[in-house]
Amino acid sequence: DVIFRTEGITKVYDTGEVKVYALDGVDLELYKGELTVLLGPSGSGKSTLLNILGGLDHATDGRVWFGDTELTDMPDRGLTRYRRDHVGFVFQFYNLVPSLTARENVQLVTDVSPDPMPAEEALELVGLGKRMDHFPSEMSGGEQQRVAIARAIAKRPKILLCDEPTGALDSTTGVQVLEVLRDINERFGTTTVVITHNAEIQRMAHRVIFFQDGKINEVKVNKNRIAPS
Ligand code: ADP
Ligand code: ADP
């Protein structure tokens, strides 16, 4: 099943002197339950696309659908509801509240979601069952990112959008974080889109989309995907 579809998505930044085509006519289908990776050089449009899929930004031109719902011209209130009900975000920097424990950080989301899993369950899922009462300053970067993932999945989102979740981590820790994302995708069937430079994820992904200059260069379907053991 197609969960996201875009038709001719273009995003232009007009800085006054020059027009930057962050996206230049992107046609794309993403499939329900898949883990898709966006690869490509810095500035090739990956984050711009992720933000449009996540309802954080509008395209300049073209159309985008989430299932049967068209996001293209949805007013901000609708997009806010869409994000709240369906999308979990993970960014390069963890954005945890420093004065709250891991559990309390996740509870910020579970307290306001209609059908959350318990914060403890989300933290167990990312392997932090023994760290729930630690503060961010007492955790490594990889652990903090896993708290951020627990926070993102606690509301049971249909979609998980991750923009360079490994960007601030060394490669070994980065792989552990990617494995957590893959396990969640496998376990809940959460449609997951990840931007990362960590080559390891190509082995775990269902689909790899290569960007260049705001366009899709190549789409690879991974038949030899390594599923969790
Ligand atoms: P990637 O995620 O692949 O690194 P981005 O989507 O962040 O690429 O950026 C694509 C292009 O759009 C780049 O040339 C970037 O400089 C430009 N861009 C992104 N955001 C803005 C903005 N807010 N204002 C102007 N240009 C932007
Ligand atoms: P809401 O009204 O639901 O708070 P927001 O505009 O604050 O809507 O954002 C919706 C979701 O997007 C939230 O989960 C928020 O954490 C996430 N989000 C948006 N932009 C950012 C950002 N720059 N950094 C971290 N999270 C962000």
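One is the number of the first residue; the rest follow in order along the sequence. Every number for a ligand or one of its atoms is a count from 1 in the order of the listing.
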Just verifying a value: how many Å separate Arg83 CZ and Leu161 CG, rounded to the nearest 0.5 Å? 11.0 Å
I'd like to check whether Thr15 has a polar contact with ligand 1, where a contact means an N/O of the residue lying under 3.5 Å from an N/O of the ligand. no
protein heavy-atom neighbour closest to atom 6 (O) of ligand 1 works out as Thr48 OG1, 2.5 Å
Can you check whether Val20 has an N/O within less than 3.5 Å of an N/O in ligand 1? no
I want to check something: taking the side chain as every heavy atom from C-beta on, are Leu125 and Val180 in contact at a cut-off of under 4.5 Å? no
Which residue holds the protein heavy atom closest to atom 13 (C) of ligand 1, what is that atom called, and what is the gap in Å? Gly43 O, 3.7 Å
Answer yes or no: is there a side-chain heavy-atom contact under 4.5 Å between Leu108 and Val97? yes
Can you check whether Glu164 reaches Phe91 side chain to side chain, under 4.5 Å on heavy atoms? no
Hey, is atom 15 (C) of ligand 1 touched by any protein heavy atom at less than 4.0 Å? no
Just checking Phe66 against His86, ring centres under 6.0 Å apart? yes
Give the numbers and elements of all ligand 1 atoms closer than 4.0 Å to a heavy atom of Ser44. 1 (P), 3 (O), 8 (O)
Among all the protein's non-hydrogen atoms, which is closest to atom 19 (C) of ligand 1, and how far away is it? Tyr13 CE1, 3.5 Å
Yes or no: does Gly40 have any heavy atom under 4.0 Å from an atom of ligand 1? no
Are any non-hydrogen side-chain atoms of Glu124 and Lys130 less than 4.5 angstrom apart? no
Considering only the protein, which heavy-atom contact is closest to atom 8 (O) of ligand 1, and what is its distance? Gly45 N, 3.1 Å
To check you understand the geometry: which heavy-atom pair defines the closest contact between Glu143 and Leu128, and what is its length? O-CD1, 3.5 Å
Does ligand 1 have any atom sitting under 4.0 Å from a heavy atom of Pro41? yes
Of the protein's non-hydrogen atoms, which lies at the shortest distance from atom 12 (O) of ligand 1, and what is that distance? Ala22 CB, 3.2 Å
Is the closest side-chain heavy-atom distance between Ser47 and Asp163 below 4.5 Å? yes
Arg103 side chain reached by Leu123 side chain, heavy atoms, under 4.5 Å: yes
For the 3.5 Å polar cut-off, considering only N or O atoms, please tell me whether Ile195 and ligand 1 meet it. no
Would you mind finding which of Lys19, Lys46, Lys11 brings a heavy atom closest to atom 3 (O) of ligand 1? Lys46
